[in-house]
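A short write-up of the structure that comes next.
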Number of protein chains: 4
Amino acid sequence: MIAHSNISEKNEAILQASLRLFVEYGFHGTPTSKIAAEAGTAHGTIFTYYKTKDDLIAALYEYVKNEFRDFLVKNVRGEGTIKERLRDIFFYSVQWSLDNRKEFYFTQQFQYSTHLKKASTESIVKEKSLHRAIYQEALDNKVFRPLPFEMIAELAMSQMIGMFQFLSEGNYPPSETKALIDEAFKGMWRMLAVV
Amino acid sequence: MIAHSNISEKNEAILQASLRLFVEYGFHGTPTSKIAAEAGTAHGTIFTYYKTKDDLIAALYEYVKNEFRDFLVKNVRGEGTIKERLRDIFFYSVQWSLDNRKEFYFTQQFQYSTHLKKASTESIVKEKSLHRAIYQEALDNKVFRPLPFEMIAELAMSQMIGMFQFLSEGNYPPSETKALIDEAFKGMWRMLAVV
Amino acid sequence: MIAHSNISEKNEAILQASLRLFVEYGFHGTPTSKIAAEAGTAHGTIFTYYKTKDDLIAALYEYVKNEFRDFLVKNVRGEGTIKERLRDIFFYSVQWSLDNRKEFYFTQQFQYSTHLKKASTESIVKEKSLHRAIYQEALDNKVFRPLPFEMIAELAMSQMIGMFQFLSEGNYPPSETKALIDEAFKGMWRMLAVV
Amino acid sequence: MIAHSNISEKNEAILQASLRLFVEYGFHGTPTSKIAAEAGTAHGTIFTYYKTKDDLIAALYEYVKNEFRDFLVKNVRGEGTIKERLRDIFFYSVQWSLDNRKEFYFTQQFQYSTHLKKASTESIVKEKSLHRAIYQEALDNKVFRPLPFEMIAELAMSQMIGMFQFLSEGNYPPSETKALIDEAFKGMWRMLAVV
DNA sequence: GATGAATGAGCATTCATTCAT
DNA sequence: GATGAATGAATGCTCATTCAT
């Protein structure tokens with residue numbers, strides 16, 4: 001669920017409508033006119049907030065990214081062993097994507113939309129900085145096996161995406177979901193950690 | 001490199017051009033007219049082979065999928081322990097995607113192109129049947145931990161995609177690439193296998 | 001430089017901004033929003049002064065026309081021979097257009113903007129009444145050759161426009177400019193006058 | 001009447017329709033959709049011939065310019081005194097503009113459409129080269145008074161435009177029209193020529 | 001009067017698809 | 001089969017104008 005501070009009601013409605021429609025019909029399958037209709041605004045209103053449709057898409061990405069990051073910052077333990085903090089990151093990342101499926105799915109779509117590559121590569125990396133910091137820490141402290149950093153990062157990320165895809169298809173009750181995520185984390189730990 | 005049996009030269013040129021352009025500009029960023037130009041045919045010719053652009057995309061997907069499957073069938077040991085055969089699947093899957101980056105990237109794009117969902121879900125599952133058969137075997141024989149089958153499948157697949165992404169960015173020499181893939185396989189094994 | 005009596009500061013700013021932008025980008029190339037920005041007012045403010053953009057354009061035309069007329073009335077000798085007064089009209093008309101290039105250019109643009117035809121034909125004729133009066137006088141007194149009045153009027157006007165165009169491209173010092181205008185007037189006199 | 005060699009029927013219809021509508025409603029007052037309707041083609045057809053509306057406008061200008069030039073070349077005496085040839089240029093220029101009022105009016109509109117300036121300045125000069133060549137000759141041979149070349153050019157051109165404007169309003173029979181143009185030419189001669 | 005967010009009609013342009021040759 | 005001119009529905013975007021504050 002999107003909810004943010006200095007964003008006008010109309011703007012919010014536009015972002016929400018965009019998210020819903022992009023996820024359902026894709027970027028190109030969603031005319032700006034439909035977004036406006038879904039948002040309950042006039043067509044032109046979109047363009048008072050965003051110069052172009054691509055700008056809207058990019059802004060939505062930024063928006064979602066921030067939601068995600070805010071959620072992680074709020075939930076991940078600031079203290080504890082590396083393993084504990086890693087577990088938190090893993091757990092809450094998967095949890096957030098399950099609780100915000102549209103947002104997560106949109107993110108994936110975005111990263112595969114070729115013509116937006118340039119504007120965002122930097123943005124994508126930044127988005128992952130929370131994760132990457134702790135992988136680096138684990139690597140530096142020899143908690144992780146001596147593998148290339150990027151390999152570790154990619155494998156860990158993929159793991160989360162895999163869990164999201166798995167869990168978002170079946171419909172497990174919360175407690176079981178929790179258990180499965182933790183099971184996956186243990187798997188990841190066995191995969192990457194020393195001993 | 002695409003090369004197949006009963007496909008006319010023009011058709012082949014069209015598929016090749018499509019692949020190149022789709023990967024570079026995305027489906028919607030690639031007009032059929034440009035495909036024709038790149039393929040060295042008249043615009044209309046595309047539509048003597050494919051009723052619609054979406055048909056072309058679907059056919060290309062089918063085409064690539066078959067290439068991949070043929071490659072696996074040719075290379076994966078038919079005999080050996082489950083672990084050996086799993087390793088082969090893992091290894092050659094990653095290897096193929098590295099040797100056919102455009103093809104693999106196209107596949108990923110395709111799976112995130114929402115408006116093509118219906119036509120293909122079934123197709124995608126079928127594509128993965130080779131992998132899934134052996135995961136099932138490993139699960140049935142208690143070689144894998146007792147986790148939901150789909151979870152295992154997703155985690156294993158994600159691992160390969162993660163390795164592709166990692167390796168396709170750095171530029172490692174063949175021998176090192178080979179070593180890294182095997183390292184990743186060992187990680188996956190620790191993650192999923194019993195003991 | 002525009003400067004007039006009962007016109008509010010905002011209104012004046014709007015007219016000035018319009019003039020500048022219309023001359024540079026044309027009527028259709030100048031959005032009212034840009035005019036407002038250039039004038040330092042809110043977009044809506046324009047419409048408290050002018051019901052429509054076309055009204056603004058027409059008002060600006062009227063405004064400029066009056067500037068020109070005032071200038072002529074102030075400078076043209078009220079007495080003297082027909083030739084002397086004609087020379088003044090010719091001279092000061094060209095001079096004004098050189099000293100007020102934007103204004104003059106705007107006038108020309110206006111007269112070729114087809115969709116404003118109706119509103120202004122009458123206005124344009126009125127604008128030229130000072131000139132026309134003296135051509136009529138010259139014709140009535142047989143100072144001019146016996147040609148159709150409209151022909152004389154058009155030829156004389158064209159002459160001034162031609163001189164403006166010529167002088168506004170080169171950059172002659174004032175004294176030379178003056179001499180060239182007088183030379184042109186002599187030419188016009190030879191063209192139109194008896195003997 | 002436009003009529004040219006290697007121009008397809010549809011293209012011709014588009015140019016004709018454009019000319020008619022531009023002259024009546026102006027560039028911005030004429031939607032491309034109306035042009036298509038008037039030309040009896042589909043809307044999209046315009047864009048198979050011209051990449052943009054501005055391209056169409058520029059092409060139309062080029063087209064009309066060529067018509068004019070062809071007409072002059074066909075009619076102006078190649079031999080004779082400077083005066084005779086000047087008279088021809090003057091006479092046939094005015095005559096053509098009267099016989100092709102839409103074309104001529106379009107030309108004038110075009111030259112005042114600010115945002116097309118860049119594309120065409122060069123083109124406009126070229127258009128006038130036939131005239132300019134003979135003015136230069138007259139100046140070099142001291143047939144004209146020793147005035148700046150550009151001044152002569154502008155004054156002569158203005159004269160023709162003035163005559164067009166005058167004649168296109170009244171409705172004189174051909175013989176009288178002819179006489180009046182010649183009268184105007186004599187005036188111009190008195191204005192510019194030595195003695 | 002002044003503001004500027006909101007409106008929606010209007011427009012240029014794109015592009016998959018058709019079809020006569 | 002191959003061609004490419006023609007089609008017209010669809011779409012992103014602009015901008016004059018309105019109106020609640």
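What you see is a predicted model, and the numbers here were worked out from it, not measured in a lab. Order of the sequence lines sets the chain letters (A, B, ...), proteins ahead of strands, with each chain counted from 1.
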Response to the item:
note: D55(A), atom CG; dT14(F), atom P; distance rounded to Å ~ 11 Å
Worksheet item: Between dT3(F) atom C1' and I46(B) atom CD1, what is the distance in whole Å?
Response: 12 Å
Response to the item:
Assign each of G29(B) and G40(C) the nucleotide of DNA chain E bearing its closest heavy atom; nearer the 5' end lies the nucleotide of G40(C)
Worksheet entry | Residue closer to the 5' end of DNA chain E, G44(A) versus T45(C) (nearest nucleotide) | T45(C)
Discussion item. Using heavy-atom distances to pick each residue's nearest nucleotide on DNA chain F, tell me which of T41(B) and S33(A) is more 5'.
Written reply: T41(B)
Response to the item:
Checking N1-N3 plus N6-O4 or O6-N4 for Watson-Crick, or N1-O2 and O6-N3 for wobble, each under 3.5 Å, the partner of dG8(F) is dC15(E)
Worksheet item: Taking the side chain from Q109(C) and the backbone from F22(C), do they hold a donor-acceptor pair closer than 3.5 Å?
Response: yes
Practice prompt. Using the six-membered ring wherever Trp is involved, compare the ring planes of F27(A) and F106(A) and label them parallel, tilted or perpendicular (cut-offs 30° and 60°).
Written response: perpendicular
Worksheet item: In whole Å, what is the span from the CD1 atom of I35(D) to the C1' atom of dG8(F)?
Response: 17 Å
Worksheet item: Within the pair K10(D) and dT7(F), is there a side-chain N or O less than 4.0 Å away from OP1 or OP2?
Response: yes
Worksheet item: Considering every strand shown, what is the Watson-Crick or G-U wobble mate of dT14(F) when both distances are under 3.5 Å?
Response: dA9(E)
Fill in: K53(B) side-chain proximity, nearest of dA2(E), dA6(E), dT17(E)
dT17(E)
Worksheet entry | d(OH, Y50(C); P, dG1(E)) in whole Å | 12 Å
Discussion item. Whole angstroms only, please: what is the NE2-P distance between H43(D) and dA9(F)?
Written reply: 12 Å
Discussion item. When you measure from the side-chain N and O atoms of Y49(C) to the phosphate of dA2(E), is any distance below 4.0 Å, counting only OP1 and OP2?
Written reply: yes
Worksheet item: Starting at CZ of F47(A) and ending at P of dC11(E), how long is that distance when rounded to a whole Å?
Response: 17 Å
Worksheet, complete the sentence: Taking a pair to mean Watson-Crick or G-U wobble geometry with both distances below 3.5 Å, dT21(E) pairs with dA2(F)
Worksheet item: Going by distance alone, is a donor N or O of one side chain under 3.5 Å from an acceptor N or O of the other, for N11(C) and Y50(C)?
Response: yes
Fill in: Candidate nucleotides dA16(F), dT3(E), dC13(F), ranked by approach to the side chain of P31(C) - the nearest
dA16(F)
Discussion item. Tell me whether the side-chain N/O atoms of T32(C) come closer than 4.0 Å to OP1 or OP2 in dA16(F).
Written reply: yes
Worksheet item: CZ/F47(C) to CG/D55(C) distance, rounded to the nearest 0.5 angstrom?
Response: 10.0 Å
Practice prompt. Could you walk me through whether E103(C) and Y63(C) pass the side-chain hydrogen bond (donor to acceptor under 3.5 Å, both in side chains) test, one step at a time?
Written response: CA-CA 10 Å; E103(C) 281 81 354; Y63(C) 193 97; over 6 Å; no
Worksheet item: Can you tell me how far C1' of dA16(F) sits from NE2 of H28(C), to the nearest Å?
Response: 12 Å
Worksheet item: L56(A) CG to dC13(F) P: how many Å, rounded?
Response: 10 Å
Item to complete: Take A42(B) and T48(D), find for each the nucleotide of DNA chain F with the closest heavy atom, and name the residue whose nucleotide sits nearer the 5' end.
Response: A42(B)
